[in-house]
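Residue numbering restarts at 1 for every chain, and letters A, B, ... go by the order of the sequence lines.
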Amino acid sequence: KAGVTQTPRYLIKTRGQQVTLSCSPISGHRSVSWYQQTPGQGLQFLFEYFSETQRNKGNFPGRFSGRQFSNSRSEMNVSTLELGDSALYLCASSLLGGLNTEAFFGQGTRLTVV
Amino acid sequence: AQSVTQLDSQVPVFEEAPVELRCNYSSSVSVYLFWYVQYPNQGLQLLLKYLSGSTLVESINGFEAEFNKSQTSFHLRKPSVHISDTAEYFCAVTSGNTPLVFGKGTRLSVIA
């Protein structure tokens, strides 16, 4: 079956701009989580969506937002980009989001802010 | 809240030698523990997990990890590594109803 698809794979944006990243989960999966990965901070949880509702939220400023559509596809948006937002953004999907359902990660979107 | 410490940021090891990647966690409640592997330019893949039962868990490619509650550790081991094991390894913890908290990763480099 097809894996988790993240688009685009690479992005270069300018400070102050906004960006939208997309994640298509594995068919049938209803939970989508987003993580930011940087060399200094490692992997940090952004938010999780389940059946179009935000179920958990990490400790990121309001410039980071997300949503999930009825087909479980998810988008995350970052407004007023800062240099420190440069990172690999990873999306993970799972059937229900619980412990006994494995999370499958996409290859990520590498965002560079210049 | 939980936290994870991976004590080694980089571990070089010769092919066919044993390796141990260390992971310690902090939590005030019961935890569930995971190891993920990330190959270059890839997302994360689940390697193994401890949810309950036997404290020794194994993966299909020869890795094993042991949950030690008294030492709050979940170290990953392999008795004989291959070149193909070169990757970054992440330890993660959750209390069950909270998102995964990851360590900062250990880069394993296997030398021929």
Student: Measuring heavy-atom distances to chain B, does A:Tyr35 have an atom under 4.5 Å in its side chain, in its backbone, in both, or in neither?
Tutor: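 Contact with chain B: side chain only.
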Student: List, by chain and number, the other hydrophobic cluster members for B:Leu7, where Ile, Leu, Val, Met, Phe, Trp and Tyr join if side-chain heavy atoms come within less than 4.5 Å, directly or indirectly.
Tutor: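 Taking Ile, Leu, Val, Met, Phe, Trp and Tyr as members, B:Leu7 stands alone, with no cluster partners.
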Student: Donor-acceptor pair, distance only, cut-off 3.5 Å: does the side chain of B:Lys104 make one with the backbone of A:Gln41?
Tutor: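 No, the answer is negative, given that no donor and acceptor are paired below the 3.5 Å cut-off.
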Student: Under the side chain to side chain donor-acceptor pair (under 3.5 Å) rule, collect the residues that match up with B:Arg77, sequence neighbours excluded.
Tutor: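 Listed in chain order: B:Glu20.
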Student: Is there side-chain contact between A:Leu90 and B:Gln38, with at least one heavy-atom pair below 4.5 Å?
Tutor: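 Yes, their side chains come closer than 4.5 Å.
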Student: Indicate, with yes or no, if B:Val57 and B:Leu51 share a hydrophobic cluster defined by side-chain heavy-atom contacts under 4.5 Å among Ile, Leu, Val, Met, Phe, Trp and Tyr.
Tutor: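 No, it is not one cluster - the side chains of B:Leu51 and B:Val57 are not joined through contacts under 4.5 Å.
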Student: Tell me whether B:Leu46 is reachable from B:Val93 by hopping between hydrophobic residues (I, L, V, M, F, W, Y) whose side-chain heavy atoms are closer than 4.5 Å.
Tutor: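 Different hydrophobic clusters.
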Student: Where on B:Gln45 is there a heavy atom nearer than 4.5 Å to chain A: the side chain, the backbone, both, or neither?
Tutor: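 Neither; nothing under 4.5 Å.
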Student: Taking the side chain as every heavy atom from C-beta outward, state whether A:Leu43 and B:Tyr36 have any atom pair closer than 4.5 Å.
Tutor: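 A:Leu43 vs B:Tyr36: side chains apart.
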Student: By a 4.5 Å heavy-atom criterion (distance strictly below it), what part of A:Gln37 contacts chain B: side chain, backbone, both, or neither?
Tutor: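 A:Gln37 touches chain B through side-chain heavy atoms alone.
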Student: Membership question, hydrophobic clusters at under 4.5 Å side-chain separation (ILVMFWY): are B:Leu48 and B:Leu44 in the same one?
Tutor: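 No, B:Leu44 and B:Leu48 fall in different hydrophobic clusters.
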Student: When hydrophobic residues are tied together by side-chain contacts of less than 4.5 Å, even through go-betweens, does A:Phe69 share a cluster with A:Phe47?
Tutor: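 They do not share one cluster, since no chain of ILVMFWY contacts under 4.5 Å joins A:Phe69 to A:Phe47.
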Student: Indicate, with yes or no, if A:Val32 and A:Met76 share a hydrophobic cluster defined by side-chain heavy-atom contacts under 4.5 Å among Ile, Leu, Val, Met, Phe, Trp and Tyr.
Tutor: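 Both belong to a single hydrophobic cluster.
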Student: For B:Asn41, does the CG atom sit with more than 12 other heavy atoms under 6.0 Å from it, leaving out its own atoms?
Tutor: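 No, CG of B:Asn41 has 12 or fewer neighbouring heavy atoms, counting only those of other groups under 6.0 Å.
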Student: Taking 4.5 Å as the heavy-atom cut-off, does anything in residues 105-114 of chain A contact chain B, and if so which residues?
Tutor: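 A:Phe105, A:Gly106, A:Gln107 fall under the 4.5 Å cut-off.
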Student: With sequence neighbours left out, which residue pairs that include part of residues 77-97 of chain B fulfil the ring-ring contact (aromatic ring centres under 6.0 Å, His included) condition?
Tutor: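 Passing the test, one end in residues 77-97 of chain B: B:Phe63-B:Tyr89.
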